[in-house]
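Read through the structure below, which is laid out as structure tokens, and then see the notes.
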Amino acid sequence: MPDHRYDPNDIEPRWQRVWADERTWEVANPVAGQSQAGEEPKSYVLEMLPYPSGEPHIGHLKVYSVGDAVAHFHRRTGRRVLHPMGYDAFGLPAENHAIKTGQHPRASTDAAIAEFQRQFRNWGISIDWSREFATCDPAYYRWTQWIFNELYRNGLAYRKEAAVKWCPNDQTVLANEQVIDGRCERCGFEVEAKQLEQWMFRITDYADRLLDDLDTIEWPEHVKTMQRNWIGRSEGAEVVFRCEELGIDYPVFTTRPDTLFGATFFVMAPEHPDVERLTAGTGNEDAVRDYVNHALNESNELRGAADKTKTGVFLGRHVVNPVNGEAIPMYVADYVLMEYGTGAIMAVPGHDERDHAFARAFGLPIRRVIEGENPDGDADGLPYAGDGALVNSAREFDGLPNREALEAIVAWLDREGKGHASVNYRLRDWLLSRQRYWGCPIPVVHCGACGIVPVPDDQLPVVLPDVSDYAPKGRSPLAAAEDWVNTTCPTCGGPALRETDTMDTFVDSSWYFLRYCDARNDQAAWDPAILHAWMPVDQYIGGVEHAILHLMYARFFCKALSDLGHIDVQEPFARLFTQGMITKDGAKMSKSRGNVVSPREIVERYGADTARAYILFIGPPDQDADWSDEGLEGVQRFLSRLWRLSAEAAERGAPGPLAGDPAGPDLDLVRKAHWAIEKVTGDLTGRFAFNTAIAAVMELTNEISRLRDDAGAAARRFALETANSLLFPFAPHVAADGYHLLTGERVWEEPWPVADQAYLARDTYELVCQVNGKVRDRVEVAADASGDALEAAALAAPNVVAHVDGHEVVKVVVVPGKLVNVVVR
RNA sequence: GUCGGAAUGGCGGAAUUGGUAGACGCGCUAGGUUGAGGGCCUAGUGAGGGUUUAACCUCAUGGGGGUUCAAGUCCCCCUUCCGACACCA
């Protein structure tokens, strides 16, 4: 027998070439007018698109190993699978690299994309490459701009002055994630707040639908919870407090209108536009101005510290509490946020912890208006946030349970025109402007005569111009491209200036899954009929770090585009799977820690099959897992053994077909094969139990190896074919090779094996015999034995007899197929 | 602080519905093959007790209570770790 050595460096490129040459994983789109009837059901399997930077890391290997296993399983169980790939190619890292080196971001991005492609092909991921694109391709962002126009035309994109984070040294606006501890991540300067006109998407219009439709999708519960918290719907009331001195009404939002009689002061956010005007002429101007300036310059982290002592300044004005006519003092304090509610609150120190702390610091009155226990034993038991009957309120409300009082008070406010029931959200509109170069240009011109004019659809794309200097200078680097900036107004033909801000890269990734469906369409973003055929994504897979932003934005786009009649799905991702992180030595991999595992090195050394199968075998894919080279080698041993067994069997030539009724070792082996089919199929059907599925193939392989000399050639060959067939989704090259050696066939063209129930059923089984819940014996019984027979068999088992002896049998519990429990006293 | 998730041998993990705890892999031990090493093959491997070998017994799923004939699994309390949000009125 010649030496059979498993050599992934031979096997893997060979099959990769076949798949590339034959374009095995490409799927055609449905053709208009042709009936879809009788066709196999579709399955759209998608992993979150990668941001190409440098080369892929181990997290990429994991997400695509998981997705590819799903895609292969779906294909072989009779579905038409769309499994595309692209690149989220606009973004800051490439731009920062350009600032440092002067290299065009396009160049470094293209280089990274080429490396990602090369490695994805080396990993043998079954991608439909005919649909590939990068979000920085003009042929793609042309349609990003079209979507922007559609949203703008329908009032879902608008301009608004908004506070942004500004680095005074780099002279640029920063993204939130570029601000670390209130400082610019690049130069360390303290970040300032700055008011700028910014483009926004009106995602808040969709708050309720984004919340309600979570019930219609199969996502991990914790991701839904995070989205619900992020949307932050709270029910309450808007109550109007009037400043008589200036004749201005100030509505506030409260979830506790039942505590309205306990409001003893009123607080505004430092950003509130009326602060200055309110203070004018009170003598408090300087103190208030100092406080506001200080508050505005303080970092969010510092300002938001929960244990921070309350600060604030009296505005010198009063507002009237609408329920009792009481004039209460107005303060400005940084614990009130301009972004939430109306930027002003009624303060109820008796029943709100924060208001209580403020009142204590400023010596303001604290009034109890809800009865309640005093669990902390504080002198007055305040603040008390629980339920109870109203006290110290109006006669008509005192004594009412507070939840009833809440409704009664809101009804009263409504009648008096001083307030109404109201719903408030934590979710804010999506600020999409970035004063950055490497992003999708916002397709708008500013015309002196016509104002803001979107670039007409037939003039798209607005192509990102080349510039020589990417360094930020207080405005977008695009402003320096004068030939580009100076243009004519599409409406009046007069001179106009292009918008120089670019879009947040989350815009690019909010619709890429739609483009995959019809990626080469140059007449439209997509053909609605084709989109209808593929959407929604049946299985979306990615990191939980995108649980909020990306997934919320994509859902919003879907709903908006659906309202505008462009698509007919409400939710983009019917099922979501979030994979856990791979750590090394218990810690997140990072260059600074020096614990990075490079997929390229691993694949070069062990082969893609070993790397992929190991990552799936290491543990449940939704959990974090620690990388171990020893574990990796264990998986390679397994692949190597299965391949060697396959090669040896193939060499011996084809045996005859499996005899009708295998017996002895043949039967054992055939049974084990059917058991493995059942197990792997179950583990992949609606579950992601790759680790136990691979373990089942290992068990089958162990059995083949164990019975190598006892079982007949036909049974062995059947078991080997089955093992390779089942292994294919996890280690496609070696499984394809083993299967081909054995059968001459292509395993990916074979239907998924189906377990023969006749081989799963056993004539007898081992009955567990317990006495008082403890296992005392095991006896072999007939599969169809009656309950009485099982009870008799158990009571006759030697070690049961020994334990029952001298006791009275009180009860016998019989669970057919499992056990008998004899209860004795 | 609030909301989630988790805790099982020396290690990663399995146990899908309350029904044999520890599948599979790593590691380790012994033996075989080999000039040696590696590789490969075989057997063993939760802890403790027990016998000549067996049998067998006790304990064991972070800790404590409970429900049940039966609990890793269900309920209550506690500890630890991880994640998200964090003055959201």
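Numbered from 1 within each chain, the chains take letters A, B, ... in sequence-line order.
In this structure, the CG atom of A:D629 is 11 Å from the P atom of B:rG27, given to the nearest Å. Nucleotide B:rA23 holds its C1' atom 15 Å from the CG atom of A:L700, rounded to whole Å. For the pair A:L819 CG and B:rG19 C1', the interatomic distance rounds to 5 Å; values are reported in whole Å. Nucleotide B:rC57 holds its P atom 5 Å from the CG atom of A:N799, rounded to whole Å. Protein atom CG of A:L727 is 14 Å distant from nucleotide atom C1' of B:rC24, rounded to whole Å. Note: CG (A:D777) to P (B:rA55) measures 12 Å, nearest angstrom. To the nearest angstrom, P of B:rG13 lies 10 Å from CG of A:D624. Atom CG of A:L707 and atom C1' of B:rC41 are 15 Å apart (whole Å).
Among the atoms of the strands shown, none is found under 4.0 Å from any heavy atom of A:K224. Using a 4.0 Å heavy-atom distance criterion, A:Q770 is classed as a base contact. Looking at heavy-atom distances under 4.0 Å, A:V815 makes contact with a base. A:R778 comes within contact range of at least one nucleobase, with a heavy-atom separation under 4.0 Å. Contacts of A:N702 with the nucleic acid, taken as non-hydrogen atoms under 4.0 Å apart, involve only primed sugar atoms and P, OP1 or OP2. As judged by a 4.0 angstrom heavy-atom cut-off over every strand, A:G634 is placed among residues touching the sugar-phosphate backbone only. At the heavy-atom level, A:R637 lies under 4.0 Å from the strands shown only through sugar-phosphate atoms. As judged by a 4.0 angstrom heavy-atom cut-off over every strand, A:H351 is placed among residues making no nucleic acid contact. At a threshold of 4.0 angstrom between heavy atoms, the contacts of A:D352 with the nucleic acid are absent. Using a 4.0 Å heavy-atom criterion, one finds that A:R644 contacts the sugar-phosphate atoms exclusively. Residue A:T255 is in sugar-phosphate contact alone, with no base atom involved, counting any heavy-atom pair closer than 4.0 Å across all strands shown.
Nucleotides B:rA60 and B:rG72 have their C1' atoms positioned 11 Å apart, rounded to a whole Å. For the P atom pair drawn from B:rA86 and B:rA7, the interatomic distance equals 28 Å after rounding to whole Å. Only the P atoms considered, B:rG32 is 36 Å distant from B:rG13, to the nearest whole Å. Here the separation of B:rG37 from B:rG46, taken at their C1' atoms, is 33 Å to the nearest Å.
Annotation: cation-pi pair A:K310/A:F362 absent, no NZ/CZ under 6.0 Å from the ring centroid and within 45° of its normal. With a 6.0 Å cutoff to the six-membered ring centre and a 45° limit on the axis angle, A:R555 does not count as a cation-pi contact of A:W430. Figure legend: cation-pi geometry between A:R426 and A:W230, with NZ or CZ positioned under 6.0 Å from the six-membered ring centre and within 45° of its axis.
Side-chain to base pairing of A:K774 with B:rU20: no donor and acceptor N or O lie closer than 3.5 Å to each other.
At least one side-chain nitrogen or oxygen of A:H803 sits closer than 4.0 Å to the OP1 or OP2 atom of B:rC57.
Ring-plane geometry between A:F688 and A:F690 is classed as perpendicular, the angle between the planes exceeding 60 degrees on a 0 to 90 degree scale with a lower cut at 30.
For the residue pair A:D387/A:N402, the side-chain donor-acceptor check at 3.5 Å is satisfied.
Aromatic pair A:F265/A:F358: ring centres closer than 6.0 Å. When ring centroids are compared, A:F506 and A:Y553 come within the 6.0 Å threshold.
Of the residues near RNA chain B, A:V635 and A:I345, the one whose nearest nucleotide (by heavy atom distance) lies more toward the 5' end is A:V635. Closest-nucleotide positions on RNA chain B for A:R776 and A:R256 were compared, and the one nearer the 5' end corresponds to A:R776.
Anti is the glycosidic conformation of B:rG38, whose angle departs from 0 by more than 90°.
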